[in-house]
2 protein chains.
Amino acid sequence: MLAEHFSTFASLSDAEVQLLRDLAGAAQYHPPYRDLHAAEALLSPPRMIVAGWAAQYCMLPDGQRQIISLRLPGDLVGPLGRVHLPASCAVAALTELETVDAKPLVEAADAADPVHPGLARAVQAMVQLNDAQLCSQIVRLGRQGTGGRFAHLMLELHGRLGRVGLARDNGFAMPLTQNVLADVLGFSVVHVNRTMQQLRRDGLLEVKDGRVHLLQLERLHALAGWVTRWA
Amino acid sequence: MLAEHFSTFASLSDAEVQLLRDLAGAAQYHPPYRDLHAAEALLSPPRMIVAGWAAQYCMLPDGQRQIISLRLPGDLVGPLGRVHLPASCAVAALTELETVDAKPLVEAADAADPVHPGLARAVQAMVQLNDAQLCSQIVRLGRQGTGGRFAHLMLELHGRLGRVGLARDNGFAMPLTQNVLADVLGFSVVHVNRTMQQLRRDGLLEVKDGRVHLLQLERLHALAGWVTRWA
DNA sequence: CGCGGTGTTGACAACAGTCAATTACTGTGG
DNA sequence: CCACAGTAATTGACTGTTGTCAACACCGCG
(Lines give C-alpha, C1' and ligand atoms only; values in the text may rest on other atoms or scores of the structure.)
Protein backbone atom coordinates (compact mmCIF):
# COMPACT_ATOMS: atom_id res chain seq x y z
CA MET A 1 0.00 0.00 0.00
CA LEU A 2 2.53 2.60 1.16
CA ALA A 3 5.17 0.93 -0.98
CA GLU A 4 3.05 1.21 -4.11
CA HIS A 5 2.63 4.90 -3.52
CA PHE A 6 6.35 5.47 -3.07
CA SER A 7 7.06 3.45 -6.17
CA THR A 8 5.32 6.09 -8.25
CA PHE A 9 8.13 8.46 -7.25
CA ALA A 10 11.17 6.19 -7.23
CA SER A 11 11.98 2.50 -7.38
CA LEU A 12 12.56 0.91 -4.01
CA SER A 13 14.89 -1.78 -2.75
CA ASP A 14 13.52 -4.71 -0.78
CA ALA A 15 14.94 -3.21 2.40
CA GLU A 16 13.10 0.02 1.70
CA VAL A 17 9.83 -1.78 1.07
CA GLN A 18 10.29 -3.62 4.34
CA LEU A 19 10.93 -0.34 6.15
CA LEU A 20 7.64 1.03 4.85
CA ARG A 21 5.86 -2.13 5.88
CA ASP A 22 7.22 -1.73 9.39
CA LEU A 23 6.03 1.84 9.53
CA ALA A 24 2.57 0.85 8.43
CA GLY A 25 2.42 -1.62 11.28
CA ALA A 26 2.57 1.22 13.80
CA ALA A 27 -0.24 3.39 12.48
CA GLN A 28 -2.05 5.85 14.73
CA TYR A 29 -5.66 6.93 14.50
CA HIS A 30 -7.11 10.39 15.11
CA PRO A 31 -10.73 11.49 15.43
CA PRO A 32 -11.93 14.24 13.08
CA TYR A 33 -11.52 17.96 13.90
CA ARG A 34 -8.86 17.30 16.46
CA ASP A 35 -5.85 19.50 16.08
CA LEU A 36 -2.83 17.41 15.24
CA HIS A 37 -0.29 20.02 16.21
CA ALA A 38 -1.85 21.39 19.34
CA ALA A 39 -1.01 18.36 21.40
CA GLU A 40 2.61 17.82 20.48
CA ALA A 41 2.63 15.18 23.15
CA LEU A 42 0.06 13.07 21.39
CA LEU A 43 2.15 12.61 18.29
CA SER A 44 5.44 14.01 17.09
CA PRO A 45 4.65 15.73 13.85
CA PRO A 46 6.53 14.48 10.89
CA ARG A 47 3.83 12.01 9.90
CA MET A 48 2.38 10.56 6.72
CA ILE A 49 -1.33 10.20 6.16
CA VAL A 50 -2.40 6.70 5.24
CA ALA A 51 -6.15 7.24 5.21
CA GLY A 52 -8.48 10.19 5.67
CA TRP A 53 -8.25 13.92 4.99
CA ALA A 54 -6.62 16.67 7.00
CA ALA A 55 -6.02 20.38 6.52
CA GLN A 56 -3.14 22.71 7.17
CA TYR A 57 -4.68 26.03 8.13
CA CYS A 58 -4.18 29.46 9.69
CA MET A 59 -6.56 31.30 11.96
CA LEU A 60 -6.94 35.06 11.64
CA PRO A 61 -7.33 37.25 14.70
CA ASP A 62 -10.94 37.98 13.69
CA GLY A 63 -11.83 34.30 13.76
CA GLN A 64 -11.72 33.65 10.05
CA ARG A 65 -9.93 30.55 8.85
CA GLN A 66 -7.88 29.96 5.74
CA ILE A 67 -6.92 26.45 4.75
CA ILE A 68 -3.45 26.48 3.26
CA SER A 69 -3.38 22.97 1.96
CA LEU A 70 -5.55 19.87 2.05
CA ARG A 71 -3.59 16.82 3.16
CA LEU A 72 -4.63 13.57 1.55
CA PRO A 73 -3.53 9.97 1.92
CA GLY A 74 0.11 9.72 0.95
CA ASP A 75 0.88 13.29 2.02
CA LEU A 76 3.41 14.29 4.61
CA VAL A 77 2.32 16.61 7.39
CA GLY A 78 4.26 18.54 9.95
CA PRO A 79 7.57 20.33 9.99
CA LEU A 80 9.94 18.57 7.62
CA GLY A 81 13.14 20.45 8.28
CA ARG A 82 15.44 19.86 11.21
CA VAL A 83 15.10 23.39 12.49
CA HIS A 84 11.87 24.27 14.21
CA LEU A 85 10.72 27.81 13.86
CA PRO A 86 7.52 28.75 15.64
CA ALA A 87 4.80 26.99 13.71
CA SER A 88 3.06 29.28 11.27
CA CYS A 89 -0.05 27.20 11.16
CA ALA A 90 -1.71 24.09 12.50
CA VAL A 91 -2.98 20.85 11.02
CA ALA A 92 -6.40 19.43 11.78
CA ALA A 93 -8.00 16.14 10.91
CA LEU A 94 -11.07 16.68 8.74
CA THR A 95 -12.11 13.05 8.87
CA GLU A 96 -11.15 9.99 10.82
CA LEU A 97 -7.43 9.84 10.14
CA GLU A 98 -4.80 7.12 9.99
CA THR A 99 -1.15 8.16 10.05
CA VAL A 100 2.28 6.62 10.40
CA ASP A 101 5.51 8.05 11.75
CA ALA A 102 7.40 9.81 8.99
CA LYS A 103 10.58 10.54 10.89
CA PRO A 104 12.49 7.61 9.33
CA LEU A 105 11.44 8.84 5.91
CA VAL A 106 12.51 12.42 6.49
CA GLU A 107 15.80 11.25 7.91
CA ALA A 108 16.36 9.01 4.92
CA ALA A 109 15.79 12.00 2.66
CA ASP A 110 18.18 14.19 4.61
CA ALA A 111 21.04 11.72 4.64
CA ALA A 112 23.93 12.96 2.50
CA ASP A 113 25.00 9.44 1.58
CA PRO A 114 21.62 7.75 1.59
CA VAL A 115 21.26 4.30 3.05
CA HIS A 116 17.89 4.30 1.33
CA PRO A 117 18.34 6.20 -1.94
CA GLY A 118 14.91 5.23 -3.21
CA LEU A 119 13.14 6.59 -0.16
CA ALA A 120 15.29 9.69 -0.25
CA ARG A 121 14.36 10.45 -3.84
CA ALA A 122 10.71 9.74 -3.22
CA VAL A 123 10.46 11.98 -0.17
CA GLN A 124 12.31 14.79 -1.90
CA ALA A 125 9.94 14.51 -4.83
CA MET A 126 6.98 14.63 -2.48
CA VAL A 127 8.28 17.78 -0.85
CA GLN A 128 8.72 19.45 -4.22
CA LEU A 129 5.30 18.33 -5.32
CA ASN A 130 3.98 19.91 -2.18
CA ASP A 131 5.65 23.21 -3.02
CA ALA A 132 4.13 23.12 -6.46
CA GLN A 133 0.73 22.59 -4.89
CA LEU A 134 1.21 25.63 -2.70
CA CYS A 135 1.92 27.63 -5.84
CA SER A 136 -1.27 26.33 -7.37
CA GLN A 137 -3.20 27.41 -4.33
CA ILE A 138 -1.75 30.90 -4.57
CA VAL A 139 -2.63 31.16 -8.24
CA ARG A 140 -6.15 29.94 -7.58
CA LEU A 141 -6.73 32.47 -4.83
CA GLY A 142 -5.05 35.34 -6.61
CA ARG A 143 -6.14 35.09 -10.20
CA GLN A 144 -8.92 32.60 -10.85
CA GLY A 145 -12.58 33.47 -11.15
CA THR A 146 -15.35 31.68 -9.34
CA GLY A 147 -15.89 28.72 -11.61
CA GLY A 148 -12.26 28.28 -12.53
CA ARG A 149 -11.18 28.34 -8.94
CA PHE A 150 -13.57 25.61 -7.93
CA ALA A 151 -12.90 23.53 -11.01
CA HIS A 152 -9.15 23.85 -10.54
CA LEU A 153 -9.38 22.56 -6.99
CA MET A 154 -11.48 19.61 -8.06
CA LEU A 155 -9.01 18.76 -10.81
CA GLU A 156 -6.13 18.95 -8.40
CA LEU A 157 -7.86 16.71 -5.89
CA HIS A 158 -8.74 14.31 -8.66
CA GLY A 159 -5.14 14.13 -9.77
CA ARG A 160 -3.71 13.76 -6.30
CA LEU A 161 -6.22 11.12 -5.27
CA GLY A 162 -5.72 9.31 -8.56
CA ARG A 163 -2.03 8.89 -7.84
CA VAL A 164 -2.85 6.96 -4.67
CA GLY A 165 -5.62 4.94 -6.25
CA LEU A 166 -8.52 6.80 -4.67
CA ALA A 167 -10.10 8.11 -7.86
CA ARG A 168 -12.21 5.94 -10.15
CA ASP A 169 -13.84 6.72 -13.48
CA ASN A 170 -13.39 10.48 -13.19
CA GLY A 171 -14.82 10.64 -9.72
CA PHE A 172 -13.70 10.52 -6.13
CA ALA A 173 -15.05 10.53 -2.58
CA MET A 174 -15.11 14.06 -1.20
CA PRO A 175 -15.76 14.26 2.55
CA LEU A 176 -15.61 18.06 2.83
CA THR A 177 -18.48 20.26 3.91
CA GLN A 178 -19.14 23.40 1.90
CA ASN A 179 -17.89 25.28 4.91
CA VAL A 180 -14.48 23.66 4.63
CA LEU A 181 -14.44 24.18 0.88
CA ALA A 182 -15.09 27.86 1.51
CA ASP A 183 -12.06 28.03 3.77
CA VAL A 184 -9.93 26.41 1.10
CA LEU A 185 -11.13 28.58 -1.76
CA GLY A 186 -11.43 31.88 0.07
CA PHE A 187 -15.16 32.03 -0.65
CA SER A 188 -18.18 32.49 1.56
CA VAL A 189 -20.22 29.37 2.18
CA VAL A 190 -23.07 30.73 0.13
CA HIS A 191 -20.80 31.40 -2.77
CA VAL A 192 -19.42 27.89 -2.69
CA ASN A 193 -22.92 26.58 -2.88
CA ARG A 194 -23.89 28.73 -5.84
CA THR A 195 -20.66 27.96 -7.67
CA MET A 196 -21.20 24.24 -7.35
CA GLN A 197 -24.72 24.57 -8.66
CA GLN A 198 -23.56 26.60 -11.60
CA LEU A 199 -21.01 23.96 -12.57
CA ARG A 200 -23.61 21.25 -12.12
CA ARG A 201 -26.10 23.16 -14.26
CA ASP A 202 -23.44 23.49 -16.95
CA GLY A 203 -23.00 19.76 -16.86
CA LEU A 204 -19.34 20.03 -15.92
CA LEU A 205 -19.45 18.10 -12.69
CA GLU A 206 -21.82 16.41 -10.33
CA VAL A 207 -21.83 15.86 -6.60
CA LYS A 208 -23.83 12.96 -5.32
CA ASP A 209 -23.71 11.48 -1.82
CA GLY A 210 -20.22 12.57 -0.95
CA ARG A 211 -18.80 11.74 -4.32
CA VAL A 212 -17.63 14.13 -7.04
CA HIS A 213 -17.95 13.17 -10.70
CA LEU A 214 -16.03 15.15 -13.28
CA LEU A 215 -18.30 14.90 -16.28
CA GLN A 216 -16.42 16.90 -18.90
CA LEU A 217 -12.71 16.93 -18.23
CA GLU A 218 -11.95 18.94 -21.36
CA ARG A 219 -14.22 21.80 -20.47
CA LEU A 220 -13.15 21.70 -16.84
CA HIS A 221 -9.52 21.97 -17.87
CA ALA A 222 -10.36 24.92 -20.07
CA LEU A 223 -12.41 26.66 -17.40
CA ALA A 224 -9.71 26.16 -14.79
CA GLY A 225 -6.91 27.26 -17.08
CA TRP A 226 -5.35 23.96 -16.24
CA VAL A 227 -1.69 23.47 -16.89
CA THR A 228 0.04 20.37 -15.71
CA ARG A 229 2.39 22.04 -13.32
CA TRP A 230 3.68 18.80 -11.85
CA ALA A 231 4.37 15.53 -13.59
CA MET B 1 27.49 41.74 4.39
CA LEU B 2 26.33 38.24 3.55
CA ALA B 3 27.89 37.02 6.76
CA GLU B 4 25.94 39.51 8.84
CA HIS B 5 22.73 38.33 7.32
CA PHE B 6 23.51 34.67 8.03
CA SER B 7 24.49 35.55 11.56
CA THR B 8 20.91 36.53 12.28
CA PHE B 9 19.99 32.89 11.77
CA ALA B 10 22.94 31.05 13.30
CA SER B 11 26.43 31.81 14.55
CA LEU B 12 29.16 31.12 12.02
CA SER B 13 32.68 29.80 12.28
CA ASP B 14 35.54 31.70 10.69
CA ALA B 15 35.69 29.14 7.90
CA GLU B 16 32.03 29.69 7.17
CA VAL B 17 32.43 33.44 7.08
CA GLN B 18 35.30 33.00 4.67
CA LEU B 19 33.18 30.74 2.47
CA LEU B 20 30.53 33.44 2.25
CA ARG B 21 33.15 36.02 1.44
CA ASP B 22 34.39 33.84 -1.41
CA LEU B 23 30.88 33.49 -2.76
CA ALA B 24 30.33 37.22 -2.67
CA GLY B 25 33.44 37.65 -4.76
CA ALA B 26 31.80 35.85 -7.67
CA ALA B 27 28.58 37.82 -7.90
CA GLN B 28 26.58 37.96 -11.11
CA TYR B 29 24.45 40.82 -12.37
CA HIS B 30 21.16 40.63 -14.20
CA PRO B 31 19.18 43.35 -15.94
CA PRO B 32 15.58 43.90 -14.83
CA TYR B 33 12.67 41.94 -16.27
CA ARG B 34 14.90 39.23 -17.62
CA ASP B 35 13.68 35.79 -16.77
CA LEU B 36 16.17 34.08 -14.50
CA HIS B 37 14.95 30.59 -15.16
CA ALA B 38 14.33 30.75 -18.88
CA ALA B 39 17.99 30.70 -19.71
CA GLU B 40 19.21 27.89 -17.53
CA ALA B 41 22.49 28.25 -19.32
CA LEU B 42 23.02 31.78 -18.11
CA LEU B 43 22.99 30.81 -14.50
CA SER B 44 22.34 27.58 -12.65
CA PRO B 45 19.49 28.36 -10.34
CA PRO B 46 20.19 27.82 -6.73
CA ARG B 47 21.25 31.42 -6.16
CA MET B 48 21.03 33.99 -3.41
CA ILE B 49 20.05 37.58 -4.03
CA VAL B 50 22.55 40.11 -2.75
CA ALA B 51 20.93 43.26 -4.10
CA GLY B 52 17.75 44.08 -6.00
CA TRP B 53 14.26 42.59 -6.12
CA ALA B 54 12.97 39.59 -8.04
CA ALA B 55 9.67 37.74 -8.27
CA GLN B 56 8.69 34.11 -8.44
CA TYR B 57 5.58 33.97 -10.59
CA CYS B 58 3.20 31.84 -12.61
CA MET B 59 1.59 32.71 -15.92
CA LEU B 60 -1.97 31.66 -16.62
CA PRO B 61 -3.01 30.44 -20.04
CA ASP B 62 -5.09 33.60 -20.51
CA GLY B 63 -2.06 35.82 -20.02
CA GLN B 64 -2.69 36.86 -16.45
CA ARG B 65 0.20 36.74 -14.05
CA GLN B 66 0.32 35.85 -10.37
CA ILE B 67 3.38 36.58 -8.35
CA ILE B 68 3.91 33.80 -5.84
CA SER B 69 6.65 35.42 -3.82
CA LEU B 70 8.77 38.53 -3.91
CA ARG B 71 12.46 37.70 -3.56
CA LEU B 72 14.50 40.28 -1.70
CA PRO B 73 18.17 40.62 -0.83
CA GLY B 74 19.17 37.67 1.32
CA ASP B 75 16.57 35.36 -0.23
CA LEU B 76 17.32 32.11 -1.98
CA VAL B 77 15.84 31.56 -5.42
CA GLY B 78 15.57 28.49 -7.56
CA PRO B 79 14.99 24.83 -6.90
CA LEU B 80 16.48 23.93 -3.54
CA GLY B 81 15.98 20.19 -3.48
CA ARG B 82 18.18 17.70 -5.25
CA VAL B 83 15.38 16.32 -7.36
CA HIS B 84 14.18 18.49 -10.22
CA LEU B 85 10.56 18.22 -11.07
CA PRO B 86 9.36 20.31 -13.98
CA ALA B 87 9.47 23.86 -12.68
CA SER B 88 6.07 25.07 -11.64
CA CYS B 89 6.96 28.69 -12.11
CA ALA B 90 9.67 31.08 -13.14
CA VAL B 91 11.68 33.80 -11.47
CA ALA B 92 12.17 37.23 -13.00
CA ALA B 93 14.34 40.14 -11.97
CA LEU B 94 12.19 43.17 -11.13
CA THR B 95 15.17 45.48 -10.78
CA GLU B 96 18.84 45.37 -11.52
CA LEU B 97 19.88 42.27 -9.63
CA GLU B 98 23.03 41.01 -7.99
CA THR B 99 23.23 37.33 -7.08
CA VAL B 100 25.75 34.77 -5.91
CA ASP B 101 25.90 31.04 -6.38
CA ALA B 102 23.97 29.29 -3.63
CA LYS B 103 24.91 25.72 -4.47
CA PRO B 104 27.58 25.52 -1.74
CA LEU B 105 25.03 26.77 0.75
CA VAL B 106 22.37 24.28 -0.23
CA GLU B 107 24.88 21.47 -0.15
CA ALA B 108 26.05 22.55 3.26
CA ALA B 109 22.47 22.41 4.46
CA ASP B 110 21.87 18.97 2.99
CA ALA B 111 24.95 17.40 4.49
CA ALA B 112 24.01 14.83 7.12
CA ASP B 113 27.15 15.44 9.14
CA PRO B 114 27.66 19.13 8.38
CA VAL B 115 31.13 20.46 7.73
CA HIS B 116 29.52 23.85 8.16
CA PRO B 117 26.88 23.46 10.84
CA GLY B 118 26.26 27.17 11.08
CA LEU B 119 25.52 27.54 7.39
CA ALA B 120 23.38 24.43 7.50
CA ARG B 121 21.23 25.79 10.30
CA ALA B 122 20.97 29.17 8.66
CA VAL B 123 19.90 27.82 5.28
CA GLN B 124 17.39 25.48 6.84
CA ALA B 125 15.93 28.37 8.79
CA MET B 126 15.71 30.43 5.62
CA VAL B 127 13.84 27.67 3.85
CA GLN B 128 11.37 27.41 6.70
CA LEU B 129 10.96 31.14 6.81
CA ASN B 130 10.19 30.98 3.15
CA ASP B 131 7.48 28.39 3.72
CA ALA B 132 5.94 30.58 6.38
CA GLN B 133 5.91 33.47 3.93
CA LEU B 134 4.08 31.36 1.38
CA CYS B 135 1.46 30.67 4.04
CA SER B 136 1.13 34.37 4.66
CA GLN B 137 0.63 34.98 0.97
CA ILE B 138 -2.15 32.38 0.89
CA VAL B 139 -3.88 33.90 3.89
CA ARG B 140 -3.62 37.38 2.38
CA LEU B 141 -5.14 36.29 -0.92
CA GLY B 142 -7.78 34.08 0.61
CA ARG B 143 -9.08 35.96 3.57
CA GLN B 144 -7.95 39.57 3.81
CA GLY B 145 -9.95 42.56 2.66
CA THR B 146 -8.58 45.32 0.50
CA GLY B 147 -6.85 47.46 3.06
CA GLY B 148 -5.68 44.62 5.22
CA ARG B 149 -4.18 42.80 2.28
CA PHE B 150 -2.12 45.75 1.20
CA ALA B 151 -1.10 46.66 4.72
CA HIS B 152 -0.10 43.10 5.47
CA LEU B 153 2.18 42.98 2.45
CA MET B 154 3.82 46.24 3.40
CA LEU B 155 4.39 45.00 6.93
CA GLU B 156 5.91 41.79 5.64
CA LEU B 157 8.22 43.64 3.30
CA HIS B 158 9.17 45.99 6.08
CA GLY B 159 10.03 43.10 8.33
CA ARG B 160 11.97 41.17 5.73
CA LEU B 161 13.92 44.21 4.58
CA GLY B 162 14.57 45.23 8.15
CA ARG B 163 16.29 41.93 8.82
CA VAL B 164 18.85 42.68 6.10
CA GLY B 165 19.26 46.30 7.10
CA LEU B 166 17.27 47.81 4.26
CA ALA B 167 14.57 49.44 6.35
CA ARG B 168 15.10 52.65 8.23
CA ASP B 169 12.80 54.61 10.53
CA ASN B 170 9.65 52.68 9.58
CA GLY B 171 10.25 53.08 5.87
CA PHE B 172 11.92 51.30 3.00
CA ALA B 173 12.68 51.72 -0.68
CA MET B 174 10.00 50.07 -2.80
CA PRO B 175 10.87 49.71 -6.47
CA LEU B 176 7.62 48.04 -7.55
CA THR B 177 5.15 49.51 -10.00
CA GLN B 178 1.47 49.34 -9.12
CA ASN B 179 1.20 46.80 -11.89
CA VAL B 180 3.57 44.44 -10.11
CA LEU B 181 1.86 45.07 -6.79
CA ALA B 182 -1.41 44.08 -8.44
CA ASP B 183 0.12 40.79 -9.54
CA VAL B 184 1.31 40.13 -6.00
CA LEU B 185 -1.96 41.02 -4.30
CA GLY B 186 -4.38 39.57 -6.82
CA PHE B 187 -5.87 43.02 -7.45
CA SER B 188 -6.45 45.05 -10.57
CA VAL B 189 -4.06 47.93 -11.11
CA VAL B 190 -6.80 50.44 -10.52
CA HIS B 191 -7.73 48.81 -7.27
CA VAL B 192 -4.14 48.90 -6.07
CA ASN B 193 -4.07 52.60 -6.74
CA ARG B 194 -7.28 53.31 -4.88
CA THR B 195 -6.27 51.15 -1.95
CA MET B 196 -2.98 52.99 -1.56
CA GLN B 197 -4.77 56.31 -1.60
CA GLN B 198 -7.23 55.17 1.01
CA LEU B 199 -4.43 54.12 3.33
CA ARG B 200 -2.64 57.39 2.69
CA ARG B 201 -5.81 59.36 3.38
CA ASP B 202 -6.22 57.47 6.63
CA GLY B 203 -2.73 58.50 7.57
CA LEU B 204 -1.55 54.91 7.85
CA LEU B 205 1.23 55.03 5.32
CA GLU B 206 2.81 57.27 2.76
CA VAL B 207 4.55 56.63 -0.53
CA LYS B 208 6.96 59.24 -1.72
CA ASP B 209 9.50 58.90 -4.53
CA GLY B 210 9.90 55.17 -4.38
CA ARG B 211 9.91 55.00 -0.62
CA VAL B 212 7.21 53.64 1.68
CA HIS B 213 6.73 55.13 5.13
CA LEU B 214 4.68 53.24 7.68
CA LEU B 215 3.20 56.04 9.71
CA GLN B 216 1.12 54.19 12.27
CA LEU B 217 2.44 50.71 12.90
CA GLU B 218 -0.18 49.99 15.56
CA ARG B 219 -3.13 50.70 13.32
CA LEU B 220 -1.49 48.94 10.38
CA HIS B 221 -1.00 45.83 12.48
CA ALA B 222 -4.62 45.95 13.54
CA LEU B 223 -5.88 46.48 10.00
CA ALA B 224 -3.74 43.67 8.63
CA GLY B 225 -4.66 41.26 11.41
CA TRP B 226 -0.96 40.95 11.91
CA VAL B 227 0.36 38.02 13.85
CA THR B 228 4.05 37.38 14.08
CA ARG B 229 4.05 34.10 12.27
CA TRP B 230 7.82 33.89 12.07
CA ALA B 231 10.37 34.93 14.64
C1' DC C 1 -40.19 15.09 18.67
C1' DG C 2 -36.81 18.71 18.98
C1' DC C 3 -32.13 19.95 18.02
C1' DG C 4 -27.80 21.13 15.60
C1' DG C 5 -25.27 20.83 11.65
C1' DT C 6 -25.52 21.14 6.72
C1' DG C 7 -27.27 22.58 2.40
C1' DT C 8 -30.27 25.92 -0.31
C1' DT C 9 -32.53 30.13 -1.69
C1' DG C 10 -33.72 35.17 -2.32
C1' DA C 11 -33.00 40.00 -1.47
C1' DC C 12 -29.85 43.45 -0.91
C1' DA C 13 -25.65 46.25 -0.38
C1' DA C 14 -20.86 46.70 -0.70
C1' DC C 15 -17.08 45.63 -3.27
C1' DA C 16 -13.93 45.36 -7.02
C1' DG C 17 -13.01 44.90 -12.10
C1' DT C 18 -13.35 47.11 -16.68
C1' DC C 19 -13.21 50.87 -19.77
C1' DA C 20 -11.63 55.12 -21.03
C1' DA C 21 -9.74 59.54 -20.48
C1' DT C 22 -6.39 62.49 -18.16
C1' DT C 23 -2.31 63.66 -15.83
C1' DA C 24 2.46 63.01 -14.32
C1' DC C 25 7.12 61.54 -15.15
C1' DT C 26 10.83 59.63 -17.74
C1' DG C 27 14.43 59.63 -21.17
C1' DT C 28 15.21 60.66 -26.15
C1' DG C 29 16.38 63.33 -29.98
C1' DG C 30 16.10 67.67 -32.30
C1' DC D 1 15.72 74.10 -24.09
C1' DC D 2 11.83 72.10 -25.96
C1' DA D 3 8.90 68.59 -28.34
C1' DC D 4 7.88 63.92 -28.18
C1' DA D 5 6.90 59.17 -27.04
C1' DG D 6 6.32 55.69 -23.71
C1' DT D 7 5.45 54.23 -19.26
C1' DA D 8 3.26 54.81 -14.90
C1' DA D 9 -0.18 56.86 -11.98
C1' DT D 10 -4.74 58.76 -11.30
C1' DT D 11 -9.66 59.61 -11.85
C1' DG D 12 -14.71 58.95 -12.94
C1' DA D 13 -18.53 56.26 -14.58
C1' DC D 14 -20.40 52.02 -14.93
C1' DT D 15 -21.28 47.05 -14.31
C1' DG D 16 -20.84 42.54 -12.66
C1' DT D 17 -19.53 40.00 -8.84
C1' DT D 18 -19.45 38.46 -4.16
C1' DG D 19 -20.44 38.82 0.79
C1' DT D 20 -24.05 39.38 4.25
C1' DC D 21 -28.40 38.57 6.24
C1' DA D 22 -32.20 35.87 6.94
C1' DA D 23 -35.29 32.31 6.16
C1' DC D 24 -36.16 27.63 5.11
C1' DA D 25 -35.46 22.52 3.95
C1' DC D 26 -33.20 18.38 5.05
C1' DC D 27 -31.11 14.84 7.79
C1' DG D 28 -29.22 12.07 11.53
C1' DC D 29 -29.41 11.64 16.34
C1' DG D 30 -30.62 11.71 21.10
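Below, chain A is the first sequence line, B the second, and so on; all start at residue 1.
- Here D:dG19 presents its P atom at 14 Å from CG of A:L181, a figure rounded to the nearest Å.
- One interatomic measurement links the two molecules: CG of A:L185 to P of D:dG19, which rounds to 11 Å at whole-angstrom precision.
- The listed nucleotides are D:dT11, C:dG7, D:dT20; the one nearest the side chain of A:S188 is D:dT20.
- Residue A:R200 is the one, among A:R200 and A:R143, whose nearest nucleotide of DNA chain C lies closer to the 5' end (criterion: closest heavy atom).
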Intermediate values then yes/no, salt bridge (Lys or Arg N to Asp or Glu O under 4.0 Å), B:R143 and A:D62: CA-CA 10 Å; B:R143 284 295 180 219; A:D62 63 2; over 6 Å; no
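- In this structure, A:Q178 atom CD and D:dG19 atom C1' are separated by 16 Å, rounded to whole Å.
- Residue B:G186 is in sugar-phosphate contact alone, with no base atom involved, counting any heavy-atom pair closer than 4.0 Å across all strands shown.
- Once rounded to the nearest 0.5 Å, the distance linking CG of B:L185 with CD1 of B:I67 reads 9.0 Å.
- Distance alone, capped at 3.5 Å, is enough to place a donor-acceptor pair between the B:Q137 side chain and the B:V184 backbone.
- Taking the side chain of B:H191 as heavy atoms from C-beta on, and the options D:dA8, C:dT9, C:dA16, the nearest nucleotide is C:dA16.
- Taking atom CZ of residue A:F187 and atom P of nucleotide C:dC15, one finds them 19 Å apart after rounding to whole Å.
- Under 4.0 angstrom from either OP1 or OP2 of C:dG5 there lies no side-chain N or O belonging to A:T177.
- A donor-acceptor pair is defined here as one N or O able to donate and one able to accept, closer than 3.5 Å; no such pair exists between the side chain of B:D202 and the backbone of B:L204.
- Closest approach of B:A151 to B:L220, counting heavy atoms only: CB-CD2, 3.8 Å.
- Which of C:dA16, C:dT9, D:dT11 sits closest to the side chain of B:N193 comes down to D:dT11.
- Between the side chains of B:R65 and B:N179, no donor N or O sits under 3.5 Å from an acceptor N or O.
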Under-3.5 Å N/O pairs linking protein and nucleotides 26-28 of chain C:
none

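- Regarding A:N179, its CG atom lies at a distance of 8 Å from the P atom of C:dG7, rounded to whole Å.
- With rounding to whole Å, B:K208 atom NZ is found 17 Å from D:dA9 atom P.
- Checking the phosphate oxygens (OP1, OP2) of C:dC15, no side-chain nitrogen or oxygen of B:T146 falls inside 4.0 Å.
- The side chain of A:Y33 approaches C:dT6 more closely than any other nucleotide in the set D:dT11, C:dT6, D:dG19.
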Between protein and nucleic acid, restricted to nucleotides 10-14 of chain C and to nitrogen or oxygen atoms under 3.5 Å apart, what atom pairs and distances do you find?
| from | atom 1 | to | atom 2 | distance (Å) |
| --- | --- | --- | --- | --- |
| C:dG10 | N7 | A:R194 | NH1 | 3.4 |
| C:dA11 | N6 | A:R194 | NH2 | 3.2 |

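- Remark: A:E4 CD is loosely packed, at most 12 non-hydrogen atoms of other residues, nucleotides or ligands lying under 6.0 Å away.
- Remark: B:R140 fails to qualify as a cation-pi partner of B:F150 under the 6.0 Å distance and 45° angle criteria applied to the six-membered ring.
- Under 3.5 Å, the side chains of B:R201 and B:Q198 contain a donor-acceptor pair of N or O atoms.
- B:D62 places its CG atom 10 Å from the P atom of C:dT18, with the value rounded to the nearest Å.
- Rounded to an integer number of Å, the gap from B:L141 CG to D:dT18 P is 15 Å.
- Geometrically, A:R194 does not engage A:F187 in a cation-pi contact defined by less than 6.0 Å to the ring centre and at most 45° from the axis.
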